[in-house]
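Nothing here was measured: the structure is a model prediction, and the numbers come from that model. Lettering follows sequence order; numbering is per chain, from 1.
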Number of protein chains: 2
Amino acid sequence: MPKGPTKRRPETLARLLDAALDVFAERSFYGASIEEICDRAGYTRGAFYSNFTSKEELFLALFDRHSKQTLDDLTEALVRATNATDPGKALTEWASVRDPDERRWYLVSTEFSLYAARNPETAARLAEHEAQVRDRIVRILELLFEHIGAKPPVDLVMVARLATAIREGGILQSLVEPDELPVGELERQFLPLFVRAVTAGIR
Amino acid sequence: MPKGPTKRRPETLARLLDAALDVFAERSFYGASIEEICDRAGYTRGAFYSNFTSKEELFLALFDRHSKQTLDDLTEALVRATNATDPGKALTEWASVRDPDERRWYLVSTEFSLYAARNPETAARLAEHEAQVRDRIVRILELLFEHIGAKPPVDLVMVARLATAIREGGILQSLVEPDELPVGELERQFLPLFVRAVTAGIR
DNA sequence: TCCAACGAATACGTCTCCGTATCGGATACG
DNA sequence: CGTATCCGATACGGAGACGTATTCGTTGGA
């Protein structure tokens with residue numbers, strides 16, 4: 001008695017998640033209705049309730065899917081950094097090079113942070129993910145210092161926090177002023193500069 | 001025929017705005033009901049509809065009120081910086097010193113950015129405010145360089161953008177992990193370091 | 001003191017969305 | 001080929017929020 005999804009289920013699930021990303025990006029989480037998500041996916045609410053129990057659950061599932069993707073990307077960047085002459089570059093590239101239509105995701109993920117800020121349980125989940133992300137970044141930074149043969153003058157975890165703060169803050173500005181500040185521009189300009197700052201007075 | 005508020009109106013308005021900040025922070029913009037805001041303020045919806053035409057308008061009014069406050073704060077920081085020996089300090093302090101229970105506002109303002117990202121009209125309004133904020137910051141930075149007698153090696157407007165990005169990104173992290181990362185901690189640690197980085201190779 | 005204008009309360013109809021309970025069709029399997 | 005299970009569709013009842021139309025009380029001026 002295989003309890004797992006048989007055939008249609010995974011497809012339905014994926015299409016619901018895709019539609020959810022769309023609608024959440026357009027209308028925000030609370031503004032989105034389950035009905036519109038189902039419509040957009042080509043189903044009725046029946047499909048939704050046989051796959052999820054609530055909008056919250058769908059939201060979490062969406063986060064999980066994307067967070068796996070992000071970690072894979074970053075792990076690959078780590079591998080590349082290991083073999084590269086300039087590990088800092090791998091970090092900068094990861095931060096700045098992105099699919100333009102990821103804008104949808106930026107909207108949703110920022111809102112997910114707000115959602116987490118109001119839900120301790122979700123916050124823990126998000127915090128764990130971000131810790132994993134930071135871990136990759138820290139390892140890249142370690143490679144960087146190893147490469148120039150010096151001891152880090154500051155806590156690398158905080159540096160990683162700073163890197164993601166710059167990234168998230170930059171994204172927020174990009175969302176509001178897409179013309180003045182393209183996504184990734186801030187990182188492109190300042191992450192290298194910052195890496196230099198952190199390594200300054202060492203070499 | 002004085003059309004302006006006579007007596008009760010300003011009081012009512014202020015209490016509605018206060019309550020709105022509360023409820024928006026708790027339930028998010030779309031999650032908040034007009035009714036709950038009115039209840040919390042001690043009124044019925046009648047009061048609301050005689051002061052606003054929609055929830056959106058209330059949201060904008062809330063933003064305007066706080067944005068005046070922010071600009072005043074920052075202008076004062078600018079004045080202090082003008083007379084101080086270390087202008088960078090004024091900037092860092094402005095960024096890090098905040099009322100702890102401003103957490104409510106951080107939640108709402110971040111959501112306001114998301115709202116603006118979806119509404120070009122609102123985005124323009126927000127962009128203008130942020131431009132004014134940046135203007136103050138740029139002037140502080142100019143003082144900084146004047147003080148050490150050097151020409152800025154990078155575009156100061158971008159540096160100001162970076163400063164607010166660090167601030168906003170840091171706040172976002174603080175909201176999710178209030179224990180690991182108190183509000184303002186990131187700025188406290190890194191803004192000085194960054195100021196040093198920007199001025200490095202000059203003096 | 002009276003009255004006009006204003007501001008908040010009340011009452012009503014509507015609409016959207018939600019969740020459940022039930023049904024029908026497809027699919028996997030013997 | 002038949003059947004049991006799974007999955008999505010349909011149908012229903014209900015709750016909550018919205019916006020308006022109207023009423024009531026208060027305030028400030030004549």
Discussion item. Quick check with a 6.0 Å cut-off and a 45 degree axis cone: is B:R167 positioned over the face of B:W94's six-membered ring?
Written reply: yes

Practice prompt. Mind checking B:S33 for me? I need base, sugar-phosphate or nothing, with any heavy atom below 4.0 Å counting as a touch.
Written response: sugar-phosphate

Fill in: Protein-nucleotide distance (A:K55, atom NZ; C:dT16, atom C1'), rounded to Å
12 Å

Worksheet item: Where the side chain of A:S50 is defined as all heavy atoms beyond and including C-beta, which of C:dG7, D:dC7, C:dA9 is the nearest nucleotide?
Response: D:dC7

Worksheet item: Separation of B:Y30 atom OH from C:dT16 atom C1', in whole Å?
Response: 16 Å

Discussion item. Between C1' on D:dA17 and CG on B:D39, what's the gap in Å once rounded to a whole number?
Written reply: 12 Å

Worksheet item: Parallel, tilted or perpendicular: which fits the ring planes of B:F63 and B:F112, with parallel below 30° and perpendicular above 60°?
Response: parallel

Item to complete: Kindly check if the number of other-residue, nucleotide or ligand heavy atoms within 6.0 Å of CD (A:E128) is above 12?
Response: no

Worksheet item: Between C:dC17 atom P and A:I37 atom CD1, what is the distance in whole Å?
Response: 11 Å

Item to complete: For residues A:Y43 and A:F48, establish whether the separation of their ring centroids is below 6.0 Å.
Response: no

Worksheet entry | B:F145 six-ring centre to B:K151 NZ/CZ under 6.0 Å and within 45° of normal | no

Discussion item. Can you tell me if B:N51 touches the phosphate of C:dA8, counting only side-chain N or O atoms and a distance under 4.0 Å to OP1 or OP2?
Written reply: yes

Worksheet item: Can you find an N or O donor on one side and an acceptor on the other, under 3.5 Å apart, linking the side chain of A:R45 with the base of D:dG8?
Response: no

Worksheet item: With a non-hydrogen cut-off below 4.0 angstrom, is A:F48 in contact with a base, only sugar-phosphate, or nothing?
Response: nothing

Response to the item:
Residue pair A:G46/A:E36 against DNA chain C: nearer the 5' end by closest nucleotide is A:E36

Fill in: Value in whole Å for how far the C1' atom of C:dG7 lies from CZ of B:F52
14 Å

Practice prompt. Among C:dT20, D:dA9, D:dT20, find the nucleotide with the atom closest to the side chain of A:A47.
Written response: D:dA9

Item to complete: Measure from CD on A:E35 to C1' on C:dC15 and round the result to the nearest Å.
Response: 12 Å

Worksheet item: Does A:Y43 put a side-chain nitrogen or oxygen below 4.0 Å from OP1 or OP2 of D:dG8?
Response: no

Item to complete: Measure the distance from CD1 on B:I34 to C1' on D:dT20 and round it to the nearest whole Å.
Response: 13 Å

Worksheet item: Between B:L58 (CG) and D:dG19 (P), how many Å, whole number?
Response: 12 Å

